[in-house]
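So you know, we letter chains A, B, ... as the sequences are listed, proteins then strands, and number each from 1. Since the structure is predicted, the reported quantities are computational estimates derived from the model, not experimental observations.
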Amino acid sequence: MKKSAVDIKKNTIQKIQKSLARWYQKNRLDLPWRKTDDPYRVWISEVMLQQTRIETVIPYYNRFMDKYPEIKFLAESDLQSVLKIWEGLGYYARARNMHKAAQIICEKFQGRLPDTREGLLKLPGIGEYISAAIASISFRIPAAVVDGNVKRVLARLFMDSTPTNDTGRKNLFESYAAKLLDQDQPGDFNQAVMELGQRICRPGNPICSDCPVQEFCKVFQTNRIDQYPVRVDRKSVPLKKMNYAIVFQGKKCLLLRRPAKGLLGGLWELPGYEQHHRTAPGKQLENMICRMTGIRIRVEEKIGTVSHAYTHFKVAANVYLCFYKSGEICLNGPTEHQWILPAEIHHYPCHKLIHKIFPMLHGLANQDE
DNA sequence: AAACCGGGGAG
DNA sequence: CTCCCAGGTTT
């Protein structure tokens with residue numbers, strides 16, 4: 001018989017399950033999405049929680065449920081409104097996929113989420129993690145979730161040196177999680193492991209003294225906690241130099257909408273471009289704006305700089321005050337344009353960098369000619 | 001398998 | 001500053 005890569009004693013598994021269940025029952029946080037096991041609410045919360053911390057998600061989740069208390073309201077809403085609710089959460093494809101999935105669920109399944117993993121997996125934006133979360137929490141299906149928290153807990157518990165961020169070894173951690181899963185309480189078990197990872201088995205300075213599975217944890221018992229989990233190095237991120245233009249025509253300035261897909265898809269922003277060469281930014285800005293929008297502008301003055309960090313690159317941007325000169329709008333790249341009063345910026349979903357730029361206008365003497 | 005896709009909090 | 005997060009999709 002082929003020996004399983006993951007081999008844990010059955011007795012040990014049951015003890016770990018019992019300790020975790022007791023700890024979770026006593027210590028679980030009272031989170032908004034835990035007031036019910038309604039699959040719609042579980043789904044929305046899990047989408048928001050992707051790569052995003054609980055404290056960040058809570059106010060977004062509450063605003064979302066105020067506006068879309070039932071799935072049909074979400075399905076009938078327009079994407080622009082959904083993006084506005086999502087503004088600042090990041091990974092905007094999540095909102096796009098979720099909106100699309102809501103429409104599919106309402107059109108094909110009478111507004112009810114599929115109650116199988118296979119059915120859930122067919123929906124846009126629902127992958128292995130979210131399908132397992134909904135299936136286990138809402139439908140009591142024994143599917144183990146594997147997220148960053150779970151992998152860290154497992155790597156420490158079983159002192160496994162497999163890098164937790166190596167996509168090629170995902171299978172190993174899925175095996176551990178499946179073996180350990182409490183078949184009778186899959187939803188509570190999954191949430192217990194994740195909450196343990198979040199609050200006790202933290203990446204740095206884990207609180208092992210409060211850990212309910214301390215006696216089973218191999219790295220604790222051998223005093224090697226600081227050596228786990230093992231992770232592969234990430235490469236350093238490049239710095240991009242950008243130039244942005246606030247182009248005024250009278251009291252209004254030009255706002256552009258990014259293409260629906262890709263980076264910051266569907267969000268609004270100021271005209272701008274990445275500066276690849278060390279040429280004079282003034283003339284280059286004028287030319288790039290013309291290429292993007294069809295209009296000619298005059299660059300008045302540089303009014304400040306902003307910086308922002310993404311996962312894969314950093315941005316250092318100059319911001320220029322500009323004035324419309326001539327020409328009709330003819331978009332090349334952006335999908336829409338709008339002339340707006342600066343105070344109206346809050347009606348449009350924009351990314352973080354844009355919200356760092358607009359406050360610069362407050363101290364400016366005179367914006368219009 | 002690897003790249004792409006945001007933003008924020010902790011240390 | 002660096003690190004990492006209740007991942008999914010695309011290439």
Side-chain angles (χ1 to χ4, degrees), chain A residues 28-29 31-34 41-61 83 86-98 100-101 120-134 136-137 143-153 163-171 173-174 177 187 189-199 201-206 226 229 231-239 258-267 269 307-315 349-356:
Chain A
R28 61 179 279 175
L29 294 173
L31 301 170
W33 47 88
R34 284 186 179 162
R41 272 145 226 274
V42 173
W43 170 41
I44 300 302
S45 69
E46 295 296 352
V47 174
M48 288 184 171
L49 285 163
Q50 282 179 45
Q51 304 299 103
T52 310
R53 303 185 123 73
I54 289 172
E55 299 72 30
T56 305
V57 166
I58 289 173
Y60 280 92
Y61 176 85
L83 283 174
W86 209 265
E87 182 183 39
L89 261 187
Y91 285 111
Y92 298 94
R94 292 185 291 176
R96 200 167 60 237
N97 289 330
M98 178 192 65
K100 180 67 183 169
L120 290 163
L121 278 167
K122 289 197 180 84
L123 294 165
I126 297 187
E128 297 198 3
Y129 169 80
I130 293 183
S131 64
I134 298 172
S136 65
I137 296 170
V145 299
V146 180
D147 73 337
N149 285 315
V150 173
K151 284 187 284 189
R152 185 175 56 255
V153 169
T164 53
N165 59 342
D166 180 353
T167 55
R169 301 303 302 278
K170 205 179 59 160
N171 192 285
F173 291 98
E174 288 168 354
F189 175 87
N190 282 333
Q191 294 183 85
V193 180
M194 290 191 284
E195 189 160 331
L196 185 77
Q198 181 227 339
R199 297 170 60 193
C201 198
R202 306 180 299 196
N205 301 319
D226 55 338
R231 294 177 63 89
V232 297
D233 291 342
R234 65 169 56 197
K235 41 193 172 184
S236 60
V237 298
L239 176 68
R258 296 177 65 93
K261 294 187 176 180
L263 183 70
L264 305 164
L267 270 62
E269 65 176 1
S307 59
H308 190 68
Y310 296 93
T311 310
H312 297 285
F313 61 94
K314 296 177 182 177
V315 174
C350 299
H351 55 270
K352 192 68 185 178
L353 204 43
I354 301 306
H355 285 302
K356 291 179 181 176

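Nucleic acid contact for A:Arg96: none, since no nucleic acid atom lies under 4.0 Å from a heavy atom of the residue. Among the atoms of the strands shown, none is found under 4.0 Å from any heavy atom of A:Ile134. Here A:Gly197 lies out of heavy-atom contact (under 4.0 Å) with every strand. Heavy atoms of A:Leu89 sit under 4.0 angstrom from at least one base atom. The residue A:Lys151 sits apart from the nucleic acid: no heavy atom pair falls under 4.0 Å. Note on A:Gly204: nothing from the nucleic acid sits closer than 4.0 angstrom, heavy atoms only. Counting non-hydrogen atoms under 4.0 angstrom, A:Arg34 reaches a base of the nucleic acid. Nucleic acid contact for A:Gln191: none, since no nucleic acid atom lies under 4.0 Å from a heavy atom of the residue. Across all strands, A:Tyr310 comes closer than 4.0 Å only to sugar-phosphate atoms, never to a base (heavy-atom distances).
Atom pair A:Phe313:CZ and B:dC5:P shows a separation of 7 Å (rounding to whole Å applied). Rounded to an integer number of Å, the gap from NZ of A:Lys314 to P of B:dC5 is 18 Å. The distance between atom CZ of A:Arg53 and atom P of C:dA6, rounded to the nearest whole Å, is 6 Å. Rounded to whole Å, atom P of C:dC4 lies 7 Å from atom CG of A:Asn165. Put simply, CD on A:Glu128 is 13 Å from C1' on C:dT9, counting in whole angstrom units. In this structure, A:Tyr91 places its OH atom 13 Å from P of C:dA6, rounding to the nearest Å. The distance between atom CZ of A:Arg94 and atom P of C:dG7, rounded to the nearest whole Å, is 9 Å. Going from atom CG of A:Leu263 over to atom P of C:dT9 covers 18 Å, rounded to whole Å.
Residue A:Ile130 places its side chain closer to C:dG7 than to any other of C:dA6, C:dG7, B:dC5. Checking B:dG11, B:dC5, B:dG7 against the side-chain heavy atoms of A:His351 singles out B:dG7 as nearest. Each of C:dC4, B:dC4, C:dA6 was ranked by its minimum atom distance to the side chain of A:His312; first place goes to B:dC4. Distance from the side chain of A:Met194 is smallest to C:dA6 among C:dA6, C:dC4, B:dG6.
Separation of the P atoms belonging to B:dG6 and C:dT11 is 15 Å when rounded to the nearest angstrom. With both ends at atom C1', the span from B:dC5 to C:dC4 equals 16 Å, rounded to whole Å. Only the P atoms considered, B:dG11 is 14 Å distant from C:dA6, to the nearest whole Å.
One finds a salt bridge joining A:Glu269 and A:Arg258 here, because a Lys/Arg side-chain nitrogen approaches an Asp/Glu carboxylate oxygen to under 4.0 Å.
Rounded to the nearest 0.5 Å, atoms CD (A:Glu55) and CG (A:Leu31) are 9.0 Å apart. Note that CD1 of A:Ile130 and CG of A:Leu120 are 10.0 Å apart. Values are rounded to the nearest 0.5 Å. To the nearest 0.5 Å, the span separating CE on A:Met48 from CH2 on A:Trp33 amounts to 9.0 Å. One finds the OH atom of A:Tyr91 at 8.0 Å from the OG1 atom of A:Thr52 (value rounded to the nearest 0.5 Å). To the nearest 0.5 Å, atom NZ of residue A:Lys352 and atom CG of residue A:Leu267 are 12.5 Å apart.
The side chain of A:Arg152 contributes an N or O atom lying less than 4.0 Å from OP1 or OP2 of C:dC5. Between A:Tyr92 and the phosphate of B:dG7, there is a side-chain N or O to OP1/OP2 separation shorter than 4.0 Å. A sub-4.0 Å separation between OP1 or OP2 of C:dC5 and a side-chain N or O of A:Arg231 is present.
Not a single donor-acceptor contact under 3.5 angstrom links the side-chain atoms of A:Thr56 to the base of B:dG7. If you check distances only, the side chain of A:Tyr129 never reaches the base of C:dG7 with a donor-acceptor pair under 3.5 Å.
Nearest-nucleotide positions on DNA chain B for A:Asn205 and A:His308 put A:His308 closer to the 5' end. Taking for each of A:Lys261 and A:Gln50 the nucleotide of DNA chain C with the nearest heavy atom, the 5'-most of the two is the partner of A:Gln50. In terms of position on DNA chain B, the residue among A:Glu55 and A:Gln51 whose nearest nucleotide sits closer to the 5' end is A:Gln51. Projected onto DNA chain C by closest heavy-atom contact, A:Leu31 and A:Ile126 fall at different nucleotides, the more 5' of which corresponds to A:Leu31.
Of the possible polar contacts, none joining the A:Asn97 side chain to the A:Pro124 backbone as a donor-acceptor pair under 3.5 Å is found.
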